[in-house]
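This report refers to the structure that appears directly beneath it.
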Amino acid sequence: APAIDWLPGERDGWRETAVQRWAPEKDWPGVALRIATGRARWYEVAPFFGEAPEAVARPLLGKLDLRETYDAGPWMRIVAARFELGALPALVKAAGHAPAEIAGALLPYSSPAVAVHMADWLARLKSVRRVALAWLLRHPVAAARALVPPALDKAGASRRAAERALLVLHANGHTTAVREAARSYGIDAEAAIETLLSTDPLMVLPARIPANPAWAVPGLL
């Protein structure tokens, strides 16, 4: 199940994130109506959920759809601190469109969807790699449990990303978490993950070995 785990003082710090705040006389009921009917302007959505009274904003969390993510990263930290697990579906959806802006707001959360995103970003996006690594090392048990199944799925990018993330956990002292997660899926999964952990990375070769370039003359090198 999705969970949230704040570091000491983190939630309070996120609630005080520096953003350009709206005037106190803002017509929150009017913005709420536009959000409910899908007519809200892009620059109204994140500030509404960050500043509108909770009784007005919380019932509309299901409508939180950041089609435009400009300046959304700081706002979504405030939203995460206010609504915690209630904000997670919108955060995951927004991060799928704009990981560089939103990924940092997912750091306190753990869920299978977040784990799969973080493994993908670790493998694919240099701009989000540091956040993805920080998330994996912050939630090693949840990450391992979520990533064992895709690491044993059919060959492809998702499997390679999950394998890489599990090996990162292994290399950073969380081997026990990975092994226990694999064991929870049965003896076949346990054996397969053990093979992954014990394989020499230098022996993992591509399906087609590329030709040596002309300059790579072993004797000369």
Side-chain angles (χ1 to χ4, degrees), residues 1-17 46 49-50 54 57-66 72-123 125 128-153 158 161-186 189-190 193:
I4 190 166
D5 182 21
W6 296 102
L7 299 177
E10 186 178 40
R11 187 183 182 195
D12 291 339
W14 281 27
R15 292 201 70 158
E16 299 302 320
T17 299
F49 287 99
E54 186 170 339
R58 185 175 285 278
L60 292 171
L61 280 171
K63 298 285 187 178
L64 175 48
D65 185 1
L66 296 175
W75 275 112
M76 291 311 290
R77 289 175 180 260
I78 298 174
V79 174
R82 290 190 78 190
F83 300 109
E84 298 193 285
L85 288 174
L88 179 56
L91 281 166
V92 171
K93 185 175 181 179
H97 297 308
E101 290 79 10
I102 306 296
L106 289 169
L107 279 172
Y109 294 93
S110 60
S111 77
V114 175
V116 169
H117 273 307
M118 292 295 179
D120 173 52
W121 297 333
L122 180 73
L125 297 179
V128 194
R129 196 164 293 154
R130 182 175 296 180
V131 172
L133 177 60
W135 184 88
L136 286 167
L137 299 184
R138 180 166 170 171
H139 305 279
V141 174
R145 288 180 62 189
L147 293 173
V148 165
L152 301 178
D153 204 355
S158 297
E163 288 175 338
R164 175 173 177 171
L166 291 176
L167 289 173
V168 165
L169 291 175
H170 172 53
N172 283 275
H174 298 291
T175 306
T176 299
V178 175
R179 285 179 169 147
E180 289 180 354
R183 190 176 302 120
S184 73
Y185 290 102
E190 181 182 13
I193 293 300

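Bear in mind that the values here come from a model prediction, so they are computed numbers and not experimental data. Below, each value reflects all heavy atoms present in this structure, side chains not excepted, and no hydrogens, waters or symmetry copies.
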* Stepwise, does the side-chain contact (heavy atoms from CB on, under 4.5 Å) test hold for Leu106 with Leu88? -> CA-CA 8 Å; Leu106 289 169; Leu88 179 56; 3.9 Å; yes
When rounded to the nearest 0.5 angstrom, what distance separates [atom1] in [X] from [atom2] in [Y]?
X      : Y      : atom1 : atom2 : answer
Arg11  : Glu84  : CZ    : CD    : 3.5 Å
Ile4   : Glu10  : CD1   : CD    : 8.5 Å
Leu107 : Leu7   : CG    : CG    : 8.5 Å
Leu91  : Leu85  : CG    : CG    : 10.5 Å
Leu152 : Ile193 : CG    : CD1   : 4.0 Å
Leu136 : Met118 : CG    : CE    : 8.0 Å

Where [X] and [Y] come nearest, the two heavy atoms and their spacing:
X      : Y      : result
Ala57  : Phe49  : O-CE2, 3.4 Å
Leu122 : Ala165 : CD2-CA, 4.2 Å
Ala181 : Val148 : CB-CG2, 4.0 Å
Asn172 : Leu137 : CB-CD2, 3.6 Å
Trp75  : Ala46  : CB-CB, 3.6 Å
Ala177 : Ala144 : O-CB, 3.7 Å

Under the rule for side chain to side chain contact (heavy atoms under 4.5 Å, CB included), what residues qualify as partners of [X], not counting sequence neighbours?
X      : result
Thr176 : Glu180
Glu16  : none
Thr17  : Trp14, Val19, Pro74, Arg77, Ile78

* Asked: Picking from Leu169, Thr175, Val168, Val178, what satisfies side-chain contact (heavy atoms from CB on, under 4.5 Å) with Pro140?
  ->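 So, applying the side-chain contact (heavy atoms from CB on, under 4.5 Å) to Pro140 and each of Leu169, Thr175, Val168, Val178, only Leu169 qualifies.
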* Give a yes or no on this: more than 12 heavy atoms of other residues, nucleotides or ligands lie within 6.0 Å of atom CZ of Arg58. => yes
* To do: State, with a plain yes or no, whether a side-chain heavy atom of Pro99 is found less than 4.5 Å away from one of Leu125.
  =>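 SC-SC contact between Pro99 and Leu125 confirmed.
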* Asked: Would you say the side-chain atoms of His174 pair up with the backbone N or O of Leu166, donor to acceptor, closer than 3.5 Å?
  ->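 Looks like no, no N/O pair under 3.5 Å.
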* Asked: How would you list all residue pairs meeting side chain to side chain donor-acceptor pair (under 3.5 Å) that involve residues 107-123, not counting sequence neighbours?
  -> Asp120-Arg124
* Structure fact -> By salt bridge (charged side-chain N to carboxylate O under 4.0 Å, His left out), Arg82 pairs with (sequence neighbours left out) none
* To do: Under the salt bridge (charged side-chain N to carboxylate O under 4.0 Å, His left out) rule, collect the residues that match up with Arg164, sequence neighbours excluded.
  =>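 With sequence neighbours excluded, Arg164 shows a salt bridge (charged side-chain N to carboxylate O under 4.0 Å, His left out) to no residue whatsoever.
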